[in-house]
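As structure tokens, the structure follows; a few thoughts come after it.
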Amino acid sequence: MTEKIRIGTVGLGLMGSSIATCILAAGHEVTSLVKDIAEVAGARVRILNFLTELKEEGLLSESPQAVIEKLIITDQVQDLAGHEVVIESIIESVDEKKKVYQALETVISPTAIIGSNTSAIPVSVLQQGLQNPERLLGIHWAEPAHITRFMEVICGKDSDIIYAKKIIALAESWGKEPSLLRKDIRGFITNRIMYAMLREAFNLVENGYATVEDVDRSLRNDLGYWITFAGPFRFMDLTGIPAYLTVMQDLFPELSNTVVAPAMMEKLVADGAKGVSNAKGFYSYTPETAAQWEKLFTEFSYDIRKLAEKYPQNIGEDLKSATH
């Protein structure tokens, strides 16, 4: 399945455009379905800019102009007929996503894979009511999707593992290091772990133990130092397992286990804060500094990708690399 098949996508917002860019850059022809054909011009400019970035970073061999010629944008679902894989990336609404899947089922093969780029909705919920639920999978990307190596492929209760393995192989051909979730669970791997961390971060700030800046500083310089090289289990192997058991026994009872959203977060959202996109967040921004942070985040994402490629997950199994 790693041959350059034509792949369909649904939705060309920021994330959808980034996903289309990743697939185009890997050499596939892409057909993107949009709700409003007026989106075409803006989406093409956005995708061309992403492709140009990849070219400048040495991650694209062809010219961006040649690559974008492999993209067709349409508002007609029948144009996705014959595609073996279609990846949906629209708003996080069960009803809206199901409308897309039901429309797709009228035009694509019963064995064509439908992937949902969802970060929280259980795949089993999205499968309900479909004619062929076994071919629906969660395909969770990280932003920016055309730069990061992250991907989670999630099976719902009705998913056939054969389809998941096909997506894993395809994702590897896109330059990803995908993870497979064999059972459905809300939030998947990274979001469950990240939100557990966020809950404790808010607990420390709201109860006066540390400031937002101090929490960020500590995590950047500790977690940020090792996490690209080793996940938590490998890191425990590298740094000595027994000590972690002792700390778990002492610390777990004291960690926050609140089931309500932080008051600090509720207030920020009520005040209209969206982060750098509107220059209003946990930190103070001007429009200029917000734009600068976005630019730096893109540059950093490329740097981290290069570092992750230098140290892939199982590099330690390669004895040749360990001797150089």
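Being a predicted model, the structure only gives us computed values, none of them experimental.
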Expected output: side-chain R234 to main-chain F229 donor-acceptor under 3.5 Å: no

Within 6.0 Å of NZ in K306, more than 12 heavy atoms from elsewhere: yes

OH/Y195: more than 12 non-hydrogen atoms of other groups inside 6.0 Å: no

Main-chain N/O of M151 paired with H140 side-chain donor or acceptor, under 3.5 Å: no

Side-chain donor/acceptor of E177 to backbone N/O of F150, under 3.5 Å: no

Side-chain touch E96/K35, heavy atoms, less than 4.5 angstrom: yes

E152 side chain to T190 backbone, donor-acceptor under 3.5 Å: yes

Side chain proximity check, L307 to D303, heavy atoms < 4.5 angstrom: no

Lys/Arg-Asp/Glu bridge criterion (N-O < 4.0 Å) met for E309, R305: yes

Flag for T31-R6: side-chain donor and acceptor within less than 3.5 Å: yes

Donor-acceptor contact present, side-chain D271 to main-chain A273, <3.5 Å: no

Side-chain heavy atoms of T211 within contact of V205, under 4.5 Å: no

Any donor-acceptor N/O pair, N278 side chain to K274 backbone, under 3.5 Å: yes

Any donor-acceptor N or O pair under 3.5 Å, side chains N117, S89: yes

Same apolar cluster: I227 and I304, side chain cutoff 4.5 Å: no

Ion pair R220/D216, N-O distance below 4.0 Å: no

D75 side chain to V34 backbone, donor-acceptor under 3.5 Å: no

Side chain to side chain contact (heavy atoms under 4.5 Å, CB included) between V276 and F297, worked out: CA-CA 11 Å; V276 295; F297 181 54; over 6 Å; no

Side-chain donor-acceptor contact under 3.5 Å, Q76 with D79: no

More than 12 heavy atoms from other groups under 6.0 Å of CZ on F235: yes

Heavy-atom side-chain proximity of T258 to N203 below 4.5 angstrom: no

Pair K70 + E62: basic N to acidic O under 4.0 Å: yes

Side-chain donor/acceptor of T106 to backbone N/O of A103, under 3.5 Å: yes

Atom of I47, atom of T21 and distance for their closest heavy-atom approach: CG2-OG1, 3.6 Å

Aromatic plane relationship, W174 with W141 - under 30° parallel, 30 to 60° tilted, over 60° perpendicular: parallel

N49 and T52 side chains, donor-acceptor separation under 3.5 Å: no

CD/Q313: more than 12 non-hydrogen atoms of other groups inside 6.0 Å: no

I73-V45 co-clustered via ILVMFWY side chain contacts under 4.5 Å: no

Separation between NE2 of H146 and OG of S18, rounded to the nearest 0.5 Å: 4.5 Å

G224 backbone acceptor or donor facing T228 side chain under 3.5 Å: no

Heavy-atom pair with the smallest gap, counting every atom of R149 and G175: NE-O, 3.1 Å

Donor on one side chain, acceptor on other, T289 and Y283, under 3.5 Å: no

Between T111 and S109: side-chain donor-acceptor atoms closer than 3.5 Å: yes

Separation of I113 CD1 from E84 CD (nearest 0.5 Å): 8.5 Å

Under 3.5 Å: donor-acceptor pair, side chain of E88, backbone of I90: yes

Heavy-atom side-chain contact between K97 and V100 under 4.5 Å: no

Check against salt bridge (Lys or Arg N to Asp or Glu O under 4.0 Å), E213 and R217: CA-CA 6 Å; E213 293 86 351; R217 185 179 300 110; over 6 Å; no

Presence of salt bridge, D95 and K98, under 4.0 angstrom: no

Y101 versus Q127, side-chain donor and acceptor atoms under 3.5 Å: no

Residue pair C155 / L180, side-chain heavy-atom distance below 4.5 Å: yes

